Amino acid sequence: DGTYRTVNFDKDERLQMMVSPRLGVSHPITDRDVLRFAYNYQNQLPQMQYIFTSKTPADANVSDQTITVGNTKLEPQITVTYEVGLSHQLSEDYVLDMTAYYKNLYNYVSTVQEKDPQEPQITWYRFISEDYGSARGIDLQLEKIMSNFNTWSIAYSLAWAQGNNSSTVIQDEATNLREFPLDWDVRHNVSVNYTFRIGRNEEFFVPFTDFILPLDDFSANVNWTMASGAPYTPQSLVGTSFLDTNSVRKDYTQETNLRLTKGITLSNKMNIKLFLDVENLFKNRNILTVYPKTGSPYDDGADLTESNINPPFTYPEVSYVYSKAIRNPGFTNNYRGVTLGVSFNF
């Protein structure tokens, strides 16, 4: 609204010093194996929207809405990472990589209720550095290095992400501080990536024939991913109470992406690059959000029966209209996106 206000900081609040040491060691243990260790202590400033807000505790006296105020004393968010990995060369073209990691997350932002000491009925909320979490997992990857016009890799990740909050929720007496799976806790993730590439002025013979493919400076990439479902908090079928936080998971998701590129040389310094990107090539239906009572993106579990009719009855017209009204297209993703482009380089 074009207004501003000034805030005077105490001397002990004017300066924050952060040290983020990183240590990495990589050492060959055989002519085909490399062992590596990494340690990272990372400080990150909280987002400015949590430090400075347009509201103050005084606004709670005149507002009938929930007031959340910033906190200039928020601590830096801390991530401590431990990682160990091993790379093993199976042959001249094949490499196996294995990584195990563990992360501790501290001082993430949540909110707490505060009261006016003179008038306890006046309350507001303040951001605080209270949330914590942890992440751990194992990553495996088998890769074929580019040779004979193609390269590919297969990767698998097993991961856990747990904490006491997935967002800046309100901390009060009823808050359960135990750890649970966070909203982005995806246990299994598999990806397969394949690239076929013909370099500029190279010739590619179709296998088992003498036919030369009339293409050069061409590449085709296919990437397929599959992941187990993210967690959500179920709701009781009777009433509105919620069960254990993030104790049920959605269905797994999968997607295939395709990218084609073709280069055209105009001169030594000028060339054109044509590309075609296809996202979700096979139009797989992936569930993004579900109704907590049913675990379905299409049914919220509402009881539509007319109780004043004996026996209870639901009119087909009511059921049909309601089923259309709750069908949110943003709950699922089954689109196929196609992008065709050209770039001119000189």
Side-chain angles (χ1 to χ4, degrees), residues 1-19 41-80 103-135 161-185 230-236 238-248 289 291-293 300:
D1 56 2
T3 62
Y4 68 94
R5 61 185 176 87
T6 59
V7 178
N8 294 321
F9 291 91
D10 295 335
K11 288 185 178 181
D12 59 347
E13 297 179 20
R14 295 178 182 176
L15 177 66
Q16 277 191 344
M17 184 176 69
M18 297 180 295
V19 179
Y41 188 100
Q42 179 181 353
N43 289 276
Q44 180 181 3
L45 286 175
Q47 298 180 34
M48 291 296 105
Q49 63 180 339
Y50 302 139
I51 297 176
F52 303 104
T53 62
S54 60
K55 301 296 183 181
T56 67
D59 294 321
N61 295 320
V62 296
S63 176
D64 56 356
Q65 297 179 345
T66 300
I67 299 298
T68 304
V69 302
N71 185 356
T72 59
K73 296 183 179 180
L74 287 178
E75 298 291 333
Q77 298 172 353
I78 298 174
T79 302
V80 183
K103 297 181 180 181
N104 282 319
L105 315 172
Y106 304 103
N107 295 343
Y108 277 68
V109 179
S110 60
T111 55
V112 66
Q113 187 182 65
E114 295 185 347
K115 298 180 180 180
D116 189 329
Q118 306 300 326
E119 300 181 63
Q121 72 276 11
I122 299 177
T123 62
W124 61 88
Y125 299 95
R126 184 184 298 275
F127 292 115
I128 56 174
S129 300
E130 287 287 337
D131 281 353
Y132 61 88
S134 63
Q162 294 184 308
N164 68 320
N165 278 314
S166 296
S167 59
T168 56
V169 300
I170 297 171
Q171 304 275 21
D172 55 27
E173 295 81 0
T175 301
N176 190 344
L177 295 181
R178 68 174 181 81
E179 291 192 43
F180 54 80
L182 299 175
D183 292 348
W184 52 89
D185 175 49
Y232 71 95
T233 303
Q235 188 177 3
S236 173
V238 180
T240 59
S241 61
F242 285 89
L243 306 179
D244 290 343
T245 305
N246 284 351
S247 58
V248 181
T289 306
Y291 288 105
K293 272 192 175 182
D300 65 354

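Every value quoted in this text rests on a predicted model; they were computed, and no experiment measured them.
Between the side chain of S166 and the backbone N or O of D183, at least one donor-acceptor pair lies under 3.5 Å. Using modelled atom types, no side-chain atom of N164 and backbone atom of D131 make a donor-acceptor pair closer than 3.5 Å. A donor-acceptor pair under 3.5 Å links the side-chain atoms of N71 to the main chain of F127, judged by distance alone. Panel note: side chain N246, backbone P181; a donor-acceptor pair is recorded below 3.5 Å. In terms of modelled atom types and a separation under 3.5 Å, the side chain of T68 and the main chain of R126 share no donor-acceptor contact.
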| query | Are N104 and Y132 close enough, and set up right, to give a side-chain contact (heavy atoms from CB on, under 4.5 Å), and what steps lead you there? | reply | CA-CA 8 Å; N104 282 319; Y132 61 88; over 6 Å; no
| query | Does the side-chain contact (heavy atoms from CB on, under 4.5 Å) test come out yes or no for V109 and Q47, once each step is laid out? | reply | CA-CA 9 Å; V109 179; Q47 298 180 34; over 6 Å; no
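Residues S236 and K293 come closest through the heavy atom pair O-CE, 3.3 Å. Residues W124 and I122 share a closest heavy-atom pair of CZ3-O, 4.1 Å.
With values rounded to the nearest 0.5 angstrom, Q42 atom CD is found 10.0 Å from L105 atom CG. Note that CD of E114 and OH of Y125 are 11.0 Å apart. Values are rounded to the nearest 0.5 Å. Taken from CD1 in I128 to OG in S110, the straight-line distance is 4.0 Å, to the nearest 0.5 Å. Between the CD atom of E130 and the CG atom of L74 there is a distance of 10.5 Å, given to the nearest 0.5 Å. The distance from atom CG of L45 to atom CD of Q77, rounded to the nearest 0.5 Å, is 8.5 Å. We find the OG1-CG distance between T233 and D244 to be 9.0 Å, quoted to the nearest 0.5 Å.
Of the listed residues (I78, T79, N165), just one forms a side-chain contact (heavy atoms from CB on, under 4.5 Å) with Y108, and that residue is T79.
Legend: residues meeting salt bridge (charged side-chain N to carboxylate O under 4.0 Å, His left out) with D185, ordered by chain and number and at least two apart, are R187, R249.
The shortest side-chain heavy-atom distance between T289 and Y232 does not fall under the 4.5 Å cut-off.
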